[in-house]
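Presented below is the structure to which this report refers.
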Amino acid sequence: MSLFAEGESDILANWVSTLNLGEIRMTRQEAESQGRAVLDALAKAVAHGNSSDMRGGEFADVRDVLQAFSRSRALQGFSPTETATFILSLKRSLFEQVRKTTRPEDAFDLLSIVSELIDRLGMFTIETYQKTREELIARQGKEIEELSTPVVKLWEGIVALPLIGTLDSGRTQVVMQNLLETIVQTGAEIAILDITGVPMVDTLTAQHLLKTVSAARLMGADCIISGIRPQIAQTIVQLGVDLNVVSKATLADALALALRRTGRVVTKVKAPSSGASQEQPAETRG
């Protein structure tokens, strides 16, 4: 198909001039540069005589150009409509070129081929866009999971892991990994799992907690669960789940227990006299 090679400059000029650049959020320079890349790749592909098999080897350059375009638009936050419209709008310019350069008796067949080709290009663009967005969402979800499970060093030998939201199998792996790595790095003797921010504890959630506790024990750290609210305590009893781990109502209670277990006592100091220039810190005895 010599349509692309012989009339590329006319097709490109007509393509860019008919685009609503504001609607697809592209500058004229971007449209011309991207359009030229698409037309060059298409000219090479259809020169082999196959203008319908987008998965064929001759269309490798076309796929590369469209993938780069779609991925870039997806990562920049453009919509799928804005992305696909740019490619699909090429059809109008190609129809105009066919009308000007092809005999009427041959035009219908050529228009059918061109229409099918551009539709395939548009579908490929959408597929690439969708795949890129799914990859981006999955990566962001993993990053959010990691950020939502911070392990905090509360005291020498004592770490805490505040849990917020639903605890499923995937998140349990992140929780367990972060906790175990921190235990190794800090040499912690006690790990406090605070579930104040966990909205519901069912049998599955309890099993995930027990797995985390067991893993921490294998690393030499004892566990305390804090933040068990009355309704959660009732649910655990009704389910017949045996957590087999010390629990406290609040994180403060759990920390106090952890300090006692590690041989520490926190006491209040007397209020400084009026003439004192600085406050005296609380004393910690081991």
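Sequential numbering from 1 along the given sequence is applied to the chain's residues. Everything numeric in this text was worked out from a predicted model, so none of it was measured.
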Are Tyr129 and Leu75 co-members of a hydrophobic cluster defined by side-chain heavy atoms under 4.5 Å apart?
-> no
State the CZ-CG distance between Arg25 and Asn20, to the nearest 0.5 angstrom.
-> 12.5 Å
Does a side-chain N-to-carboxylate-O contact under 4.0 Å join Glu96 and Arg92?
-> no
4.5 Å side-chain heavy-atom contact, Arg36 and Glu8 | yes
Ile158 and Ala258: which non-hydrogen atoms are nearest, and at how many Å?
-> CD1-CB, 3.7 Å
Verify the cluster assignment for Ile118 and Leu111: are they in a single hydrophobic cluster under the rule of side-chain heavy atoms below 4.5 Å apart?
-> yes
Distance from Phe59 atom CZ to Lys44 atom NZ, nearest 0.5 Å?
-> 13.5 Å
When clusters are formed by joining ILVMFWY residues with side-chain heavy atoms under 4.5 Å apart, either directly or through shared neighbours, do Leu209 and Leu180 land in the same one?
-> yes
Any link between Trp155 and Leu251 through a network of hydrophobic side chains (Ile, Leu, Val, Met, Phe, Trp, Tyr) touching at under 4.5 Å?
-> yes
Begin with the C-alpha distance, continue with both residues' side-chain angles, and end with the deciding distance and a verdict on side-chain contact (heavy atoms from CB on, under 4.5 Å) for Lys248 and Leu255.
-> CA-CA 9 Å; Lys248 290 293 180 180; Leu255 176 58; over 6 Å; no
So do Leu161 and Asp194 actually touch side chain to side chain, heavy atoms under 4.5 Å?
-> no
Nearest heavy atoms of Ala188 and Ala221, plus distance in Å | O-CB, 3.6 Å
Answer yes or no: are there more than 12 heavy-atom neighbours, outside Met123 itself, under 6.0 Å from its atom CE?
-> no
For the side chain of Thr125 and the backbone of Ala84, is there at least one donor-acceptor N/O pair under 3.5 Å apart?
-> no
Output for pair (Trp15 CH2, Leu39 CG), nearest 0.5 Å, gives 5.0 Å
Do we see a donor-acceptor contact under 3.5 Å between the side chains of Glu181 and Gln177?
-> yes
Looking at side-chain heavy atoms only, is the closest gap between Gln97 and Asn14 below 4.5 Å?
-> no
Kindly determine whether Asp109 and Ser112 satisfy side-chain hydrogen bond (donor to acceptor under 3.5 Å, both in side chains), including the steps that lead there.
-> CA-CA 5 Å; Asp109 290 339; Ser112 297; 5.4 Å; no
Nearest 0.5 Å please: distance from the NZ atom of Lys100 over to the CD1 atom of Ile11.
-> 9.0 Å
Can you measure from CZ (Phe124) to CD1 (Ile87) and round to the nearest 0.5 angstrom?
-> 10.5 Å
State, yes or no, whether a side-chain contact exists between Val62 and Val38 at a heavy-atom distance under 4.5 Å.
-> no
Is there a side-chain contact between Arg261 and Leu257, using heavy atoms and a 4.5 Å cut-off?
-> yes
So, for Ile228 and Ile232, which heavy atoms are closest and what is the spacing to 0.1 Å?
-> CG2-CG2, 4.1 Å
Do Ile195 and Thr205 pass the side-chain contact (heavy atoms from CB on, under 4.5 Å) test, and can you show the C-alpha distance, the side-chain angles, and the key distance before you say yes or no?
-> CA-CA 11 Å; Ile195 62 172; Thr205 303; over 6 Å; no
Salt bridge (Lys or Arg N to Asp or Glu O under 4.0 Å) between Arg120 and Glu116: does it pass, once the steps are laid out?
-> CA-CA 6 Å; Arg120 289 178 182 273; Glu116 181 181 357; 3.0 Å; yes
Please check if the distance between the ring centroids of Phe69 and Phe86 is under 6.0 Å.
-> yes
Taking all heavy atoms of Arg229 and all of Pro199, pick out the closest pair and write down the distance.
-> NH2-O, 3.5 Å
Quick one: does Arg133's side chain have a donor or acceptor within less than 3.5 Å of a partner on Gly77's backbone?
-> no
Examine Leu210 and Leu204 and state if one hydrophobic cluster contains both, with Ile, Leu, Val, Met, Phe, Trp and Tyr joined whenever side-chain heavy atoms are less than 4.5 Å apart.
-> no
Without hydrogens or angle criteria, can the side chains of Asp253 and Thr250 be said to hold a donor-acceptor pair below 3.5 Å?
-> yes
Of all the heavy-atom pairs spanning Leu21 and Ala31, show the shortest one and how long it is.
-> CD2-CB, 3.9 Å
Hey, are the side chains of Leu193 and Leu179 touching, using non-hydrogen atoms and a 4.5 Å cut-off?
-> yes
State which residue, out of Asn178, Val175, Ile183, fulfils the side chain to side chain contact (heavy atoms under 4.5 Å, CB included) condition with Val151.
-> Asn178
CG-CG distance between Leu121 and Leu66, expressed to the nearest 0.5 angstrom = 5.5 Å
Mark yes or no for whether Thr132, through its side chain, and Arg71, through its backbone, hold a donor-acceptor pair below 3.5 Å.
-> no
Min side-chain heavy-atom separation Thr196-Pro162 under 4.5 Å | no
Spell out, as yes or no, whether a donor-acceptor pair under 3.5 Å connects the side chain of Glu82 to the backbone of Ser79.
-> yes
Evaluate the side-chain contact (heavy atoms from CB on, under 4.5 Å) criterion for residues Gln29 and Val16: first the C-alpha distance (whole Å), next the side-chain angles of each, then the deciding distance (0.1 Å), finally the verdict.
-> CA-CA 9 Å; Gln29 292 75 15; Val16 174; over 6 Å; no
Decide whether Ser72 and Gln76 meet the rule of one side-chain donor and one side-chain acceptor closer than 3.5 Å.
-> yes
Give the C-alpha distance, both sets of side-chain angles, the deciding distance and a yes or no for side-chain contact (heavy atoms from CB on, under 4.5 Å) between Val65 and Leu42.
-> CA-CA 10 Å; Val65 170; Leu42 278 173; over 6 Å; no
Considering non-hydrogen atoms only, spot the tightest contact between Phe95 and Ser115 and give its length.
-> CZ-CB, 4.0 Å
Salt-bridge test for Glu32 and Arg28: reply yes if a basic N is under 4.0 Å from a carboxylate O, no otherwise.
-> yes
Can you tell if the side chain of Asn244 reaches within under 4.5 Å of the side chain of Val213, non-hydrogen atoms only?
-> no
